[in-house]
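The structure appears below as structure tokens.
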Amino acid sequence: MKLQQEIERRRTFAIVSHPDAGKTTLTEKFLLFGGAINVAGAVKSNKIKKSATSDFMEIEKQRGISVATSVMGFEYGGRKINILDTPGHQDFAEDTYRTLTAADSVIIVIDAAKGVEEQTRKLMNVCRMRKTPVMVFVNKMDRPALDSFELLDEIEKELEIHVHPLSWPVGKGSDFRGVYNRFDRRFRSFKGISKQTIGELVEYADLEDPKFQKHISPHGDRLREELELIEGVYPDFILGDYLDGRTAPLFFGSALNNFGVRDILDCFIQVAPCPGPIVTEERRVDPAEPKMSGFVFKIHANMDPNHRDRLAFIKVVSGRFERNKAYIHVRSGRQVKFSSPTSFMAEKKSVIDEAFPGDIVGVHDTGNFKIGDSVTEGEKLKFTGIPSFSPELFRYVENDEPLKFKQLARGLDQLMDEGVAQLFVSVANGRKIIGTVGALQFDVIQYRLQHEYGARCRYEQLPMFKACWIESTDHEKLKEFRLRKYQQLAMDKESREVYMAESPYALQMAQEKFPEITFHFNSEF
Ligand code: G4P
């Protein structure tokens with residue numbers, strides 16, 4: 001197949017939600033509909049086993065929280081679909097943000113009883129920033145749910161995006177009968193509902209069919225009225241609005257019962273974008289360019305406890321990726337060859353000979369890769385849009401075993417390259433500071449330093465509110481700021497200046513007093 005055809009066939013998306021909304025269940029059902037697995041429950045039960053597909057890390061077993069982000073590929077309707085799973089837990093939000101940089105579109109799962117939750121709102125902010133096309137799946141309609149119209153309003157208001165309901169639920173809770181698909185104008189439900197398999201499809205194209213009316217009785221009149229209303233408010237679905245990230249097509253359903261799952265999947269493969277051009281600091285890279293380029297968006301440590309090496313996830317951006325071909329690791333300028341690059345199909349990880357734009361390739365890394373690194377055929381490209389976000393929790397980190405100083409330094413360095421947290425050095429006292437977005441990260445770091453690097457660390461609280469990168473062309477003002485805020489200044493790993501505000505008030509005052517200085521809340525500016 002030609003490169004262009006391979007590109008057009010690929011759909012790489014991230015699935016995100018607040019924990020418990022049903023992301024894992026929906027992912028499994030996608031795999032089930034794609035024929036990639038035979039029984040749902042496989043992905044989940046694997047989480048507990050060592051050979052887990054979506055969660056590899058030891059810490060996961062310890063805490064039962066999904067901390068890892070993984071990739072699952074499958075074929076459906078002639079498309080090669082790559083699902084990027086994301087940790088729902090808010091302490092790992094940054095991991096999720098970075099995964100979004102490798103996704104060409106996003107599906108957001110919302111719990112119909114809870115509506116928009118905190119984590120979803122934050123994730124949507126990142127999608128908006130990147131103008132990522134978003135689809136919404138309103139899940140758990142088989143449970144008592146909020147009113148569907150109210151849900152639409154809430155989602156529009158809270159996520160600050162227009163929605164366009166492409167399906168509509170018939171009944172809800174224990175009386176949930178199925179979903180009317182406005183996209184292909186069919187009603188669907190399933191007989192012999194099973195959590196694990198698909199069951200028998202019941203489908204009607206004619207809403208006036210007496211059999212259909214009987215099937216959904218007594219909801220017939222209500223469905224007619226609601227559909228009329230919906231047609232009035234949301235007349236036509238405009239593809240361009242979805243692709244520009246202005247409107248989110250929305251589907252109702254119940255992932256557990258399979259209702260509505262095929263509807264979103266079928267629409268997704270028709271409308272979701274294939275991999276497009278990506279901006280680098282140097283130029284725009286088009287996927288159809290013959291030369292391979294890609295970037296590392298995730299580094300996964302410790303998948304096999306017997307081997308301490310890491311797996312770096314590369315998103316292929318352009319050209320054809322080939323096994324054993326010599327590429328250049330742009331940051332170091334070194335040549336790299338990947339003898340056993342892996343891809344992820346459903347639950348299986350397998351060595352591949354080639355990959356195409358949109359694909360995610362896992363390569364073994366002995367500590368050379370860093371999040372954001374590019375791999376090319378020689379051209380110096382730096383992909384943008386993989387920022388670090390302002391951390392909000394800080395602790396001084398101290399070595400707890402004097403003889404293990406080197407191990408600690410190496411461990412910290414590698415964990416930071418993986419993007420577990422950010423390391424700063426205080427200007428005033430030279431002490432190392434770890435900044436994170438979630439409290440759990442500190443435990444993860446401590447645990448991993450001990451188990452992977454044989455180093456022990458101790459923390460000391462540092463009650464700061466937020467770190468922001470500062471920048472100004474007014475050198476005098478910058479000098480004055482440095483003098484005034486000497487105690488709160490630090491350097492990040494790239495030796496860029498960071499101001500650690502003690503409180504929202506302190507930050508506001510600093511911004512007001514020093515309008516000449518720009519305070520950045522993510523590292524890319
Ligand atoms: P997450 O990945 O977003 O965190 O959510 P997950 O799929 O793990 O789902 C969270 C819980 O919600 C699970 O129940 C799951 O079975 C349930 N669930 C998911 N989709 C639906 C749905 O459409 N309807 C209903 N009624 N429940 C749904 P659990 O009790 O935590 O786990 P399990 O024992 O059922 O596996």
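As the structure lists them, so they are numbered: ligands from 1, and atoms in each ligand from 1. The shown structure was predicted, so the numbers you read here are calculated from the model rather than taken from an experiment.
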| Can you find an N or O of Ala255 that's nearer than 3.5 Å to an N or O of ligand 1? |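 Between Ala255 and ligand 1, an N or O pair is found under 3.5 Å apart.
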| said: Any nitrogen or oxygen of Pro19, side chain or backbone, less than 3.5 Å from one on ligand 1? | reply: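 No, since none of the N or O atoms of Pro19 sits under 3.5 Å from an N or O of ligand 1.
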Proximity of [X] to ligand 1 by residue part, where a heavy atom lies under 4.0 Å:
X: Ala21; answer: backbone
X: Asp142; answer: side chain
X: Thr24; answer: both

| query | Using the benzene-type ring in the case of Trp, are the ring centres of Phe251 and Trp168 under 6.0 Å apart? | reply |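 No: the rings miss the under 6.0 Å criterion.
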| What about Tyr76 and Phe33, are their ring centers closer than 6.0 Å? |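 Ring centroids of Tyr76 and Phe33 are no less than 6.0 Å from each other.
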| query | Does Arg11 make a cation-pi contact with Phe268, if we ask for NZ or CZ under 6.0 Å from the ring centre and within 45° of the axis? | reply |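 That pair does not qualify as a cation-pi contact.
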| query | Evaluating non-hydrogen atoms only, which member of Thr86, Leu26, Thr25 is closest to atom 9 (O) of ligand 1? | reply |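 Among Thr86, Leu26, Thr25, the closest heavy atom to atom 9 (O) of ligand 1 comes from Thr25.
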| Neighbour count >12 (heavy atoms, 6.0 Å) for atom NE2, His162 |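 No, not enclosed.
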For [X], the ligand 1 atoms whose distance to one of its heavy atoms is below 4.0 Å:
X: Arg143; answer: 25 (C), 26 (N), 27 (N)
X: Ser17; answer: 3 (O)
X: Ser254; answer: 22 (C), 23 (O), 24 (N)

| field | Minimal non-hydrogen separation, Ser17 against Lys23, with atom names | value |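 Closest approach of Ser17 to Lys23: OG-CB, 3.5 Å.
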| query | Are Asp236 and His164 linked by a side-chain donor-acceptor pair shorter than 3.5 Å? | reply |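 Note: Asp236 and His164 side chains miss the donor-acceptor criterion.
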